[in-house]
Asker: 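Structure provided below as structure tokens; questions to follow.
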Amino acid sequence: MPDIIQLLPDSVANQIAAGEVVQRPASAVKELLENAIDAGASEIQLIIKDAGKTLIQIIDNGCGMSDTDARLSFERHATSKIRKADELFQIRTKGFRGEALASIAAIAHVELKTRLRENELGTKILIAGSKVEKQEPCATPPGTSISIKNLFYNVPARRNFLKSDAIEMRHIIEEFERVALAHPDVGFTVHHNNAELFNIKSSPLRKRVVDMFGSKYNERLVPVKEETAIVAVHGFIGKPEFAKRTRGEQYFFVNDRFIKNHYLHHAVAQAFDELINRGSHPSYFLYLKVDPSTIDVNIHPTKTEIKFMEERSIYAIIHSAVRNSLGKYNIAPSLDFDQEDIFNVAPMPKNLEVAPAQTKDFDFNPFNDGGKTFEKDTWPSGNAGSERAFSGSFPTGWQDLYEITRTRDEQQPLFDRDGADTFPEKETENRPVFQLNKKYICTTIKSGMILVDQQRAHERILYENALANLESQGGYSQQQLFPQTIELSSGDCELINDLQEDLHRLGFTIDNFGRNAIVVNGIPTEAEDIPIQGLIENFLEQYKHAVSEVQSNTRDRLARSLARSLCIRHGRKMQRVEMLDLIDKLFACSNPQTSPNGKPTIITFTNEELEIKFKA
Ligand code: ADP
Ligand code: MG
């Protein structure tokens, strides 16, 4: 048989490499902006036509290139930024792989004009599909101008898969924002189809954020600063009251490079923990400076993922830096004076402070049954800490409530994270609610008042939600930016393997079973803020316990275990909206009166009972 292996021609190799480096116009924008930054530019213009599908042009006033360098810059692995392997660990530039221009030139028509400051003339190169078509001297200002036309002209599959202009443009802006935030000292203009989108001057960081996201940001930012031997952190966090329901502006930069890091994100989210509602996201702009030899940037072609040698310490430092800032700017009095507050009274909306008692809005209250149905014998009261299983039937009339909330909840997962939005404002704004001993939620009903055990109630909600997911297509899964590998005993790995299908329905995406490890790609949305390793371990523990504890089927055990791993614990301070949300969702359950293992979730004090007590 003849030899059959051949080396691929450069143009093909480049096109293959391009697949990794340039997925869409925004990736080319990122690479070219970074080249301009690396060239030391202080002014950069970005000109886009048709969301980058027709033209991406970047003009910089950086160092420019000589004739030979200009030609060489399009070769694969051609870079001026590193020379030997050691330097891979001392990287201070954005680029170093020498792939971007070669990749872009393989899949587009490229025109480069560049001039060294000391030369009178520059050079112009036309290149398409990796082939240099022309190089000639030209008159051009010092610096570099590069135009990318007809991106993916020779890769129809990629071109056809490009999204609408609006979406591609959003990606471009996102890349631009990352570079512009990383380099506030550089001025930028951005034009799309002749409209000016940005024109921002070199400025201090705060001004840069305000220039990019609007003047309202000025009052929202709180400075963060912390210097340690391992890492220096500076930047801003958004005040908790401006936290958003959608993940908004959340930026980490390491040595002026934008990075994504789920683990470090968690450090910030944790620091905000009780200051913002579940389901809201704080904004932050945090800049870390570390010794380049303690990070590895070269783990992915796009270089937005990096590995830290001191990840744990950096986590702790970021966490404490953010907490300090929240405390220092008196945003978090509860952090400064963490007294044992027995009554955690959630603040009422201002205009209602005077008369928070029952008003006509209360008539909606699903608990509203005129007190007739809360029969004492079916509805035990006063046994709050009792561990005795509760078997009383739920008062008639709660079905009405069930009807009301059920229809509303049908369109949404039972316990979605944006709970506060699931009911119209008027229904909840007047309802008095407070937390007692960080354990019980107290609120009124027409016939008196109730205490809800926060942990048991949440367990009930999560349990029914999980059961519903197991019976249907499955729940919502939060895909992880960085799949996490977790080491487990081989027995646990096997258990997970056996439960794989049901776990998927619950929102876990787990794969790559080794004998001793699993890879977690996604977790149930409700578990978003919980560290994955602990979550999985706790969940398995609960499951194994449930096997011995109760006679039930696998799905029931899974649902119980998940509910127990995820539920809000006693001792956790809750915000007003969370409490209202919890109560409404509890009453949307088919069996709200008990926790999954039969303990009471609610106790009631009827008006009659109170009358009797006061008469005594
Ligand atoms: P890398 O940035 O990883 O070195 P690129 O393919 O992006 O690889 O660029 C190759 C080389 O071309 C760079 O190392 C640099 O020397 C040169 N170069 C690219 N863009 C510019 C620019 N705007 N100004 C000056 N030199 C540039
Ligand atoms: Mg580059």
Side-chain angles (χ1 to χ4, degrees), residues 10-11 13-23 26-47 56-85 87-108 110-119 122-125 127 130 132 135 138 140-148 151 175-176 178-179 182-183 186-188 255-258 292 296-304 306:
D10 271 356
S11 57
N14 285 340
Q15 206 170 328
I16 294 171
E20 279 197 325
V21 183
V22 189
Q23 277 119 21
S27 347
V29 169
K30 167 184 190 282
E31 293 295 336
L32 299 176
L33 285 174
E34 291 187 346
N35 280 349
I37 297 279
D38 283 344
S42 62
E43 295 291 336
I44 299 176
Q45 303 171 45
L46 171 59
I47 299 162
I56 298 168
Q57 184 179 12
I58 294 195
I59 304 167
D60 70 56
N61 64 351
C63 62
M65 286 179 264
S66 70
D67 298 4
T68 321
D69 281 354
R71 172 70 195 76
L72 264 178
S73 67
F74 291 100
E75 294 292 329
R76 200 141 60 101
H77 308 309
T79 179
S80 55
K81 299 168 194 174
I82 56 172
R83 287 170 195 283
K84 42 187 202 290
E87 290 174 17
L88 263 180
F89 303 98
Q90 285 304 329
I91 286 173
R92 293 185 187 276
T93 51
K94 304 268 103 76
F96 57 85
R97 296 170 62 114
E99 293 178 314
L101 291 187
S103 300
I104 292 169
I107 49 165
V110 178
E111 181 190 289
L112 172 80
K113 288 198 239 168
T114 186
R115 188 188 124 193
L116 293 171
R117 191 160 299 272
E118 62 267 28
N119 291 357
T123 185
K124 174 165 126 180
I125 294 183
I127 196 166
S130 296
V132 179
Q135 176 164 17
C138 76
T140 182
T144 301
S145 160
I146 183 162
S147 304
I148 313 297
L151 191 66
E175 293 295 353
F176 165 72
R178 292 168 179 177
V179 175
H183 297 279
V186 176
F188 292 91
N255 297 351
D256 299 332
R257 179 193 303 281
F258 170 82
D296 185 355
V297 190
N298 194 25
I299 54 179
H300 193 269
T302 61
K303 301 174 234 120
T304 44
I306 70 176

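Ligands are counted one by one from 1 in listed order, and the atoms in each one are counted from 1 as well.
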Asker: Starting from atom 2 (O) of ligand 1, what is the nearest protein heavy atom, named by residue and atom, and what distance separates them?
Answerer: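 Checking every protein heavy atom, the shortest distance to atom 2 (O) of ligand 1 gives K81 NZ, 2.7 Å.
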Asker: If you round to the nearest 0.5 Å, how far is CD1 of I146 from OG1 of T114?
Answerer: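 The CD1 atom of I146 is 9.0 Å from OG1 of T114, to the nearest 0.5 Å.
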Asker: Look only at interatomic distance and state if A39 has a nitrogen or oxygen under 3.5 Å from any nitrogen or oxygen of ligand 1.
Answerer: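 So ligand 1 has no N or O lying under 3.5 Å from an N or O of A39.
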Asker: For A78 and ligand 1, answer yes if some heavy atom of the residue is under 4.0 Å from a ligand atom, otherwise no.
Answerer: yes
Asker: Sub-3.5 Å donor-acceptor pair from the side chain of R115 to the main-chain atoms of T140, do we have one?
Answerer: yes
Asker: Which residue and non-hydrogen atom of the protein lie closest to atom 26 (N) of ligand 1, and at what distance in Å?
Answerer: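 Protein heavy atom with the smallest distance to atom 26 (N) of ligand 1: M65 CG, 3.4 Å.
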Asker: Under the side-chain contact (heavy atoms from CB on, under 4.5 Å) test against L112, which residue among L101, T144, I127 passes?
Answerer: T144
Asker: Report yes if A102 has an N/O atom closer than 3.5 Å to an N/O atom of ligand 1; otherwise report no.
Answerer: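 No, A102 has no N/O under 3.5 Å of an N/O on ligand 1.
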Asker: Is R117 close to N119 at the side-chain level, that is, under 4.5 Å between some pair of heavy atoms?
Answerer: no
Asker: What atoms of ligand 1 come closer than 4.0 angstrom to any heavy atom of E99?
Answerer: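 Every atom of ligand 1 under 4.0 Å from some heavy atom of E99: 6 (O), 8 (O).
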Asker: For a side chain to side chain donor-acceptor pair (under 3.5 Å) check, start with the C-alpha distance between S80 and D69, then their side-chain angles and the critical distance, and finish with the verdict.
Answerer: CA-CA 9 Å; S80 55; D69 281 354; over 6 Å; no
Asker: Below 4.0 Å, non-hydrogen atoms only: which portion of I146 touches ligand 1? Side chain, backbone, both or neither.
Answerer: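 No part of I146 comes within reach of ligand 1.
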Asker: What pair of heavy atoms forms the shortest contact from L116 to C63, and how long is it?
Answerer: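 That closest heavy-atom pairing would be CD2-O, 3.4 Å.
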Asker: Looking only at protein heavy atoms, which one is nearest to atom 4 (O) of ligand 1, and what is the separation?
Answerer: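 Nearest protein contact, heavy atoms only, for atom 4 (O) of ligand 1 is T79 OG1, 2.5 Å.
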Asker: Starting from atom 8 (O) of ligand 1, what is the nearest protein heavy atom, named by residue and atom, and what distance separates them?
Answerer: G98 CA, 3.1 Å
Asker: So is D38 polar-close to ligand 1, meaning N/O to N/O under 3.5 Å?
Answerer: no
Asker: Can you name the closest pair of heavy atoms from V132 and I125 and give their distance?
Answerer: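 The answer is CG1-CG2, 4.2 Å.
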Asker: Kindly give the heavy-atom pair with the smallest separation between V29 and I58, and that separation in Å.
Answerer: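 Scanning both residues completely, I find the closest heavy atoms to be O-CD1, 4.0 Å.
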Asker: Taking D67's backbone N and O only, do any of them form a donor-acceptor pair with Q135's side chain (distance below 3.5 Å, no angle check)?
Answerer: yes
Asker: Enumerate the atoms of ligand 1 whose separation from the nearest heavy atom of A100 is less than 4.0 angstrom.
Answerer: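 By the 4.0 Å cutoff, the relevant atoms are 6 (O), 7 (O).
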Asker: Is a side-chain donor or acceptor of D60 paired with a backbone partner of I44 at a separation under 3.5 angstrom?
Answerer: no
Asker: Among protein heavy atoms, which lies nearest atom 6 (O) of ligand 1, and at what distance?
Answerer: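 Protein heavy atom with the smallest distance to atom 6 (O) of ligand 1: L101 N, 2.9 Å.
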Asker: Which residue owns the protein heavy atom closest to atom 16 (O) of ligand 1, what's the atom, and how far is it?
Answerer: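 Minimum-distance protein heavy atom for atom 16 (O) of ligand 1 reads S80 OG, 2.5 Å.
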Asker: Report yes or no: does E31 have a heavy atom closer than 4.0 Å to ligand 1?
Answerer: no
Asker: Around atom 12 (O) of ligand 1, find the nearest protein heavy atom and jot down its residue, atom name and distance.
Answerer: S73 CB, 3.2 Å
Asker: Is N35 close enough that one of its N/O/S atoms sits under 2.8 Å from the Mg ion (ligand 2)?
Answerer: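 Yes.
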Asker: Report the nearest protein non-hydrogen atom to atom 23 (N) of ligand 1: residue, atom name, distance rounded to 0.1 Å.
Answerer: D60 OD2, 2.9 Å
Asker: Return the CZ to CG distance between R178 and L33, rounded to the nearest 0.5 Å.
Answerer: 12.5 Å
